[in-house]
Amino acid sequence: QLQASGGGLVQAGGSLRLSCVASGRTFSHYAWGWFRQVPGKERQSVAAISYNGAGIYYADSVKGRFTISRDNAKNAVYLQMNSLKPEDTAVYYCGAATSTVKAMNVGADYWGQGTLVTVSS
C-alpha cells in the first residue's frame, strides 16, 4: 500500500512537499515516480527516480522547480515542489515501477492514492 500526502492549497510561487510512504512490502528495488492528472486530461509523468537514486528524470515543465528524492530505509519517496504555478494544479500520484523507463512513461506496478495540489494565482 502506498500512502501519498502533502497536497494542499498554496499561492503561486509557494512550495509544497509531497510524501509517499509504502507499507506491506519493500520497494528498495523499484523505481519511483510521481505523476499528476487534471480532470479530463491524461495522467502525465512528473518525475522518476531509479531504485538507487542514480537516475532521475523530470518532465520539462517542472525542471528546475521540482526535486524527487527517495529514502529506501523509510520505504518512501518525496517530491519537493518550489515556485509553484497555477498550471501545476492537479491530483498527484506516486507509483512504484520495475524500471525508471516505465515510470517515465506513466507506468507503475503499484499506485498510491492521489493527493490534490491546488495553486492559486
Check: Can you tell me how far the OG1 atom of T118 sits from the CG atom of L9, to the nearest 0.5 Å?
Finding: 6.0 Å
Check: Is a donor on one side and an acceptor on the other found under 3.5 Å between the side chain of Y58 and the backbone of I68?
Finding: yes
Note to self: Please report the interatomic distance CH2(W32) to CG(D71), rounded to the nearest 0.5 Å.
What the structure shows: 11.0 Å
Notebook entry, point to check: Side chains of F66 and D88: closer than 4.5 Å at any heavy-atom pair?
Noted result: yes
Next item on the list: Taking all heavy atoms of F27 and all of R70, pick out the closest pair and write down the distance.
Entry: O-NH2, 3.0 Å
Note to self: Return the CE to OG distance between M104 and S99, rounded to the nearest 0.5 Å.
What the structure shows: 9.0 Å
Check: What closest approach, in Å, do L2 and A22 show between heavy atoms, and which atom pair accounts for it?
Finding: CD2-CB, 3.4 Å
Check: For A48 and T100, which heavy atoms make the closest approach, and how far apart are they?
Finding: CB-CG2, 4.1 Å
Next item on the list: Calculate, to the nearest 0.5 Å, the distance between atoms CG and CD belonging to N75 and Q3 respectively.
Entry: 13.5 Å
Margin query: With clusters defined by side-chain heavy atoms of hydrophobic residues (ILVMFWY) lying less than 4.5 Å apart, directly or transitively, does V62 cluster with Y93?
Written below: no
Next item on the list: Decide yes or no for K74 and S19: does some side-chain heavy atom of the first lie under 4.5 Å from some side-chain heavy atom of the second?
Entry: no
Item checked: Test item: L79 and R36 side chains (from C-beta on) under 4.5 Å apart, heavy atoms -> no
Next item on the list: Without swapping roles, check the side chain of N72 against the backbone of N52 for a donor-acceptor pair under 3.5 Å.
Entry: no
Notebook entry, point to check: Counting only N and O atoms by type, is there a donor-acceptor contact under 3.5 Å from the side chain of Q113 to the main-chain atoms of A4?
Noted result: yes
Check: So, do V77 and C20 sit near enough that their side-chain heavy atoms are less than 4.5 Å apart?
Finding: yes
Note to self: Rounded at 0.5 Å granularity, tell me how far CZ in R17 sits from OG in S69.
What the structure shows: 6.0 Å
Check: What about V106 and V46, same hydrophobic cluster or not, with Ile/Leu/Val/Met/Phe/Trp/Tyr joined at side-chain heavy-atom distances under 4.5 Å?
Finding: no
Next item on the list: Mind checking the OG-NZ spacing from S121 to K85? Nearest 0.5 Å is all I need.
Entry: 14.0 Å
Margin query: Would you say that more than 12 heavy atoms from the other residues, nucleotides or ligands in this model lie under 6.0 Å from the OH of Y51, or not?
Written below: no
Notebook entry, point to check: What heavy-atom pair brings A108 and A97 nearest, and what distance separates the two atoms?
Noted result: CA-CB, 4.1 Å
Check: In terms of hydrophobic clusters joined by side-chain contacts under 4.5 Å, are W111 and L116 together?
Finding: yes
Checklist line | Parallel, tilted or perpendicular: ring planes of Y110 versus Y30, cut at 30 and 60 degrees | finding: perpendicular
Margin query: Could you tell me if the side chain of R65 sits less than 4.5 Å from the side chain of M81, heavy atoms only?
Written below: no
Notebook entry, point to check: Side-chain heavy atoms under 4.5 angstrom apart, residues restricted to Ile, Leu, Val, Met, Phe, Trp, Tyr: same cluster for Y78 and L16?
Noted result: no
Check: Nearest heavy-atom pair of I49 and I56: which atoms, and what distance?
Finding: CG1-CG1, 3.8 Å
Notebook entry, point to check: Which pair of non-hydrogen atoms, one from A90 and one from V38, has the smallest distance, and what is that distance?
Noted result: CB-CG2, 3.9 Å
Margin query: Test your reading of the model: is there a side-chain donor-acceptor pair from S45 to the backbone of A103, 3.5 Å cut-off?
Written below: yes
Next item on the list: Would you please indicate yes or no on a ring centroid separation below 6.0 angstrom for W34 and Y92?
Entry: no
